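Heads up: the structure comes next, in structure tokens.
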Amino acid sequence: MKKKNKTYTVTQLNKMMMHDDLSLWEIIEACAFIDICYYGPTENPSKEQEDEWCRMRGEYEPEPTLENTSFYVTEPDGTKYFYCGNTRTKVTEFFSPNGQTLDKVIENLVRFAAGNTVSANISMNC
């Protein structure tokens, strides 16, 4: 007659493993009821399902956007660079230090848009 294996709870198995007086065969018999067979998928999952599994495992990389792929770096010599992906662009001033201030340029732009004649002293020092 074949001896029927007893089924244990996880807590009972954990307690059994903590005892030093159990033999290897007693531990094997205690765990014999555990089914460790792997039943994999019979067909390939959809792209949406694969993406969801990647997100759940933390493997998901978001779609590259300007916000998550670009940043500014100031070198030790004071030169500022803008990085976006694999492109590096040197950032320079667009207004001449001897030209008009940005406030004055905006004021003239507003006057022009309002229909007034812009004063003749505007120079193109930008």
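All residue numbers refer to positions in the sequence shown, counting from 1. Owing to the predicted nature of the structure, the values given are computational and were not obtained by experimental measurement.
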Nearest heavy-atom contact between Asp21 and Glu26 is O-OE1, 4.1 Å

Distance-minimising heavy-atom pair for Tyr81 and Lys90: CD2-CA, 3.6 Å

Aromatic plane relationship, Tyr72 with Phe82 - under 30° parallel, 30 to 60° tilted, over 60° perpendicular: tilted

Rounded at 0.5 Å granularity, tell me how far OG1 in Thr9 sits from NZ in Lys15. 8.0 Å

Going from CD on Glu107 to CG on Leu109, what distance comes out if it is rounded to the nearest 0.5 angstrom? 11.0 Å

Asp77 atom CG: more than 12 heavy-atom contacts under 6.0 Å: yes

When you check the gap from the basic side-chain N to the acidic O, do Arg55 and Asp51 get nearer than 4.0 Å? no

